[in-house]
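Reading through the structure tokens given below for one structure.
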Amino acid sequence: MLQISVLRDQTELVLAGLAKKHYATGPADVAAILDLDQRRRSLQTSHDAAQAEANELARQIGGLMKSGDKAGAETLKARTAELKLHTQAAATELAQVEKEQQQFLYKLPNLPHVSVPEGRAAQDNEVVREHGSKPTLGADAQPHWELIKKYDIIDFELGNKITGAGFPVYKNQGARLQRALINFFLDEARDAGYSEMQPPILVNEASGYGTGQLPDKEGQMYHDAKDDLYLIPTAEVPLTNIYRDEIIPLDKLPVRMAGHTPCFRREAGSWGADVRGLNRLHQFDKVEIVQITEPDQSYDALEAMLAHVEGLLQQLNLPYRVLRLCGGDMGFTSALTYDLEVWSAAQGRWLEVSSVSNFETYQANRLKCRYRADGGKTQLLHTLNGSALALPRIVAALLENNQTSTGIELPLVLHSYCGFERIG
């Protein structure tokens with residue numbers, strides 16, 4: 001979340017950033033937060049003054065008792081009792097004001113980086129670059145939802161029987177391709193200096209608040225009300241929360257982690273041709289990379305993470321493009337996000353397969369994830385993450401772009417991982 005000192009000292013900058021993200025209630029929310037902050041500071045001053053007076057009176061009472069002035073001591077004791085009631089009332093009101101202020105702060109999205117383009121929706125995103133040539137398919141080319149039936153590698157009807165729509169069953173070469181991609185992505189992450197982690201796929205409420213999924217995305221997360229646990233929408237949540245309430249030594253920075261997990265998203269309200277087949281699922285596998293860095297190094301880390309994801313797509317021979325998201329299309333917690341999209345030849349459109357984001361101090365402030373500079377006080381770190389990569393649309397593009405009359409030819413880098421070169 002945003003730091004209260006930034007709202008207080010750079011109010012106009014905050015309002016401009018919220019406007020760039022098209023956060024409609026920004027002026028009202030910021031005004032409410034600043035009013036609450038003024039009340040909080042006034043209450044804190046009153047509380048501290050009363051406490052200081054009570055401490056001084058306690059010292060004086062001791063002296064009066066020693067000198068035999070019981071009447072004087074009793075007078076001060078009466079005043080001390082009044083001060084105790086005052087500090088208790090102030091503490092109660094202070095806690096309520098702090099809670100109310102915290103809830104308002106949770107509502108505010110992160111401020112966009114200066115390089116974020118203006119815009120309201122996906123059509124306003126900036127195309128940074130394109131890479132690779134789009135394949136030309138024959139007239140008989142099929143979309144991946146037909147190819148998976150033809151080669152019996154993914155079964156949506158069976159998944160619907162077992163669970164429901166959006167939970168496919170991977171079979172035969174389809175299951176092996178999934179495992180191959182996961183291992184390939186993890187090996188590449190390890191070679192790039194990321195420590196492999198295998199985190200839980202259920203998290204508590206504090207973890208959801210720590211990375212900003214709560215209170216923003218409750219409707220998109222699967223929630224177990226009995227134990228108050230959430231199925232993760234991405235490994236970003238458990239991986240980043242490893243460092244919640246931690247002060248990381250300078251010699252341990254930057255932190256680089258990678259993890260494979262299933263991911264769960266309700267995707268409420270999703271329908272239509274654009275979500276057919278593997279285009280949008282309720283459960284899917286993904287390898288996530290996370291970095292925690294000193295503030296002055298985070299944008300170099302972001303570019304390195306972007307290059308890492310591009311390298312994966314290049315090795316898979318998938319044509320792709322990189323987008324810098326506009327203010328209106330960015331995530332709630334992000335300061336700058338690059339999306340990577342691959343070309344789906346049979347569908348004739350781009351499919352998002354990765355987002356790589358810098359959250360600056362936004363998550364770290366929620367997490368209380370800090371470092372201590374040499375000889376200085378603790379400071380907030382910067383957190384970043386990226387999909388490296390999400391599997392469903394990668395599989396869709398691999399199937400569609402590489403289809404031939406004799407089967408689906410897989411890229412060379414996957415041959416040893418799969419144990420086969422062709423599907424079919």
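FYI, side chains are in, hydrogens and waters are out, and symmetry mates aren't considered; it's all heavy atoms of this structure.
Across all their heavy atoms, A235 and C263 have their closest contact at N-SG, 4.4 Å.
Legend: ring pair (Phe, Tyr, Trp, His ring centres under 6.0 Å) pairs involving residues 320-354, not counting sequence neighbours, sorted by first then second residue: H131-Y320, W343-W350. Sorted by first and then second residue, the ring pair (Phe, Tyr, Trp, His ring centres under 6.0 Å) pairs involving residues 148-175 (not counting sequence neighbours) are F167-H282. Here salt bridge (charged side-chain N to carboxylate O under 4.0 Å, His left out) pairs that include residues 389-402, with residues two or more places apart or in two chains, number zero.
Remark: E100 CD to R40 CZ distance equals 13.5 Å, nearest 0.5 Å. Atom CZ of R366 and atom CG of N241 lie 11.0 Å apart (nearest 0.5 Å). The CG atom of L253 sits 5.5 Å away from atom CG of L381, with the distance rounded to the nearest 0.5 Å. To the nearest 0.5 Å, atom CD1 of residue I408 and atom CD1 of residue I423 are 5.0 Å apart. Taking NZ of K84 as the start and CD of Q51 as the end, the distance is 10.5 Å to the nearest 0.5 Å.
N110 and T333 are not linked by any side-chain donor-acceptor pair at a separation below 3.5 angstrom, with hydrogens and angles left out of the test. K286 and T261 share no donor-acceptor pair across their side chains, judged by distance under 3.5 Å alone. In this model, a donor atom of one side chain and an acceptor atom of the other lie less than 3.5 Å apart for S334 and T337. Judged purely by distance below 3.5 Å, without hydrogens or angles, the side chains of N279 and R276 never pair a donor atom with an acceptor atom. The closest side-chain donor-acceptor pair between Q363 and E236 falls under 3.5 angstrom. Between the side chains of N204 and S207, at least one donor N or O lies within less than 3.5 Å of an accepting N or O. No side-chain N or O of Q291 forms a donor-acceptor pair with one of T293 less than 3.5 Å apart.
A salt bridge is absent between K252 and E246: the closest approach of a Lys/Arg side-chain nitrogen to an acidic carboxylate oxygen does not fall below 4.0 angstrom. Between R321 and E341, at least one side-chain N (NZ, or NE/NH1/NH2) sits under 4.0 Å from a carboxylate O, which counts as a salt bridge. K368 has no carboxylate O lying under 4.0 Å from a charged side-chain N of D245, or vice versa, which leaves the two without a salt bridge.
Dense packing is recorded around CD of Q123, with more than 12 heavy atoms of other residues, nucleotides or ligands lying under 6.0 Å away. In this structure, E157 places its CD atom where only 12 or fewer heavy-atom neighbours from other residues, nucleotides or ligands lie under 6.0 Å away. Taking a 6.0 Å sphere around CZ of R41, one finds it holds more than 12 heavy atoms contributed by other residues, nucleotides or ligands. Heavy atoms from other residues, nucleotides or ligands lying under 6.0 Å from NZ of K134 number more than 12. Around atom CD of E303, more than 12 heavy atoms belonging to other residues, nucleotides or ligands sit under 6.0 Å away.
Side-chain rings of H113 and Y299 approach one another, their centers coming within less than 6.0 Å. Taking the ring centroids of Y230 and Y222, they lie at or beyond the 6.0 Å cut-off.
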Walk me through whether L2 and N365 qualify under side-chain contact (heavy atoms from CB on, under 4.5 Å). CA-CA 7 Å; L2 299 179; N365 193 29; 6.0 Å; no
